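Computed from a prediction, not measured in an experiment: that's the story for all the values here. When a residue number appears, it is its place in the shown sequence, counting from 1.
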Amino acid sequence: VPVSVCTAECPPGTRKAIKKGLPVCCFDCLPCAEGEFSNITGSSKCHRCPPEFWSNGLRTACVPREVEYLSFNDTMGITLTTVAVFGAVTTAAVAVVFVHHRQTPVVKANNSELSFMLLLSLKLCFLCSLVFVGQPSAWSCRVQQAAFGISFSLCISCILVKTIVVLVAFRSARPGSAALMKWFGPGQQRGSVLFFTCVQVMICAVWLSLSPPLPNRNFGIQGSKVILECMVGSVLGFSLLLGYIGLLAAVCFLLAFFARKLPDNFNEAKFITFSMLIFCAVWIAFVPAYVSSPGKYSVAVEVFAILASSLGLLVCIFAPKCYIILLRPENNTKKFLMGK
């Protein structure tokens, strides 16, 4: 028997859309939207895929979503890991040079113990960036921010105390101020570094105990992908961590800026000032870049900021010293360093 047909049945991957004012056998076939599917002929509606799945190209079935995170295997992860390892190895090499020449004036100037503590903290800064790479887990989400905050607080605390030592040393050289250096000797310097770092340890301890960062599966950024990321938990905790590092860096920059013109051939305050400029510029640029970067790119931005600021500190503070030690040993004398 002949059958009257206005429109052929809709194929899988599409749905019927009835045309107004025409018989029900007249309709349009509209493709299913992203994340929806229909697997039968003549379907009147499309079905939403489960959260862990996404529709295939033909919209006829659901397939598992692609899992995305900053991996050790992709180009970005390999590049950042290489830079982190290079920075850690370079820091270790500088430490070896300093140990070998530890009795020379350049190394002994401005408390060599602080220099070794600073090198250790810089190495920790480079290595802590590796915790951000790889699949997020409960322990890695907790460790990465705490390691970052404590390592950088130790680093900036060492630089801050070194800057104070420069100021105190020059002020104690004035008549009637000889006892000033006794009030800020090696013991007080170690205690100051420990105190400044312990403040950050307390911030991290409270943050991790009350509202720690946790791994999260984000389905809303890219439809066909599920983004594995670490949620900061408490925005206040993360802000306090960054704010405390910023406070230490700002105080250090101001003190170094005031001491930059003190009359020495080798005034370390000049190099500290420049290093703090780079450090502050990197982290001021980090905030908007971090907020606007989606998925794994926000992690990459934070790792880049860690590596860039660590390299800036390493080069600005230790490159001039290594230059004198290795290439200008004739200038590695107390007479040259104290020259006007």
Tell me if a side-chain donor or acceptor on Ser38 pairs with a main-chain N or O of Gly13 at a distance below 3.5 Å.
yes
Quick one: does any side-chain atom of Ser275 pair with a main-chain N or O of Ile272 as donor and acceptor, under 3.5 Å?
yes
Transitively linked via ILVMFWY side-chain contacts under 4.5 Å: Leu154 with Leu127?
no
Below 4.5 Å, heavy atoms only, C-beta onward: do Lys225 and Arg65 meet side chain to side chain?
no
Can you tell if the side chain of Phe27 reaches within under 4.5 Å of the side chain of Cys10, non-hydrogen atoms only?
yes
Counting N and O atoms only, with roles assigned by atom type, does the side chain of Ser55 sit under 3.5 Å from a partner on the main chain of Phe37, one being a donor and the other an acceptor?
no
Considering residues, nucleotides and ligands other than His47, do more than 12 of their heavy atoms fall under 6.0 Å from its NE2?
yes
What about Leu247 and Leu240, same hydrophobic cluster or not, with Ile/Leu/Val/Met/Phe/Trp/Tyr joined at side-chain heavy-atom distances under 4.5 Å?
yes
Treat each ILVMFWY residue as a node, draw an edge where side-chain heavy atoms are under 4.5 Å apart, and state whether Val165 and Phe195 are in one component.
yes
Using atom types as modelled and distance alone, determine if a side-chain donor or acceptor of Thr14 lies under 3.5 Å from a backbone N or O of Pro31.
no
Distance SG-SG for Cys62, Cys49 less than 2.5 Å
yes
Give a yes or no on whether the backbone of Glu66 and the side-chain of Trp54 come within a donor-acceptor separation of less than 3.5 Å.
no
Check for me, please, whether Phe86 and Leu307 land in the same ILVMFWY cluster - side-chain distances under 4.5 Å, paths through other members count.
no
In terms of hydrophobic clusters joined by side-chain contacts under 4.5 Å, are Leu313 and Val315 together?
no
For atom CZ of Phe72, is the number of surrounding heavy atoms from other residues, nucleotides or ligands below 6.0 Å larger than 12?
yes
Min side-chain heavy-atom separation Pro213-Leu208 under 4.5 Å:
yes
Counting C-beta onward and ignoring hydrogens, is there a side-chain heavy-atom pair between Leu119 and Phe318 closer than 4.5 Å?
yes
Are the side chain of Ser192 and the backbone of Gln188 linked by a donor-acceptor contact shorter than 3.5 Å?
yes
Side chains of Leu80 and Leu70: closer than 4.5 Å at any heavy-atom pair?
yes
Taking the side chain as everything from C-beta on, heavy atoms only, tell me whether Leu248 gets closer than 4.5 Å to Gln200.
no
Run through Phe196, Phe126, Tyr244, Phe279 and flag the one making a ring-ring contact (aromatic ring centres under 6.0 Å, His included) with Phe152.
Phe279
Determine whether the aromatic ring centres of Phe238 and Phe148 lie less than 6.0 Å apart.
no
Any side-chain to backbone donor/acceptor pair from Arg328 onto Ile325? Under 3.5 Å, distance only.
no
Would you say Phe286 has more than 12 foreign heavy atoms packed within less than 6.0 Å of its CZ?
yes
Pro215, Cys230, Pro136 screened by side chain to side chain contact (heavy atoms under 4.5 Å, CB included) with Tyr69, the one that passes
Pro136
Using the rule given for side-chain contact (heavy atoms from CB on, under 4.5 Å), can you reason through Ser153 versus Ile245, listing the C-alpha separation, both sets of side-chain angles and the distance that settles it, and then say yes or no?
CA-CA 6 Å; Ser153 293; Ile245 295 175; 3.8 Å; yes
Is any side-chain heavy atom of Ser115 less than 4.5 Å from a side-chain heavy atom of Lys321?
yes
With a 4.5 Å limit on heavy-atom distance, are the side chains of Arg217 and Leu228 in contact?
yes
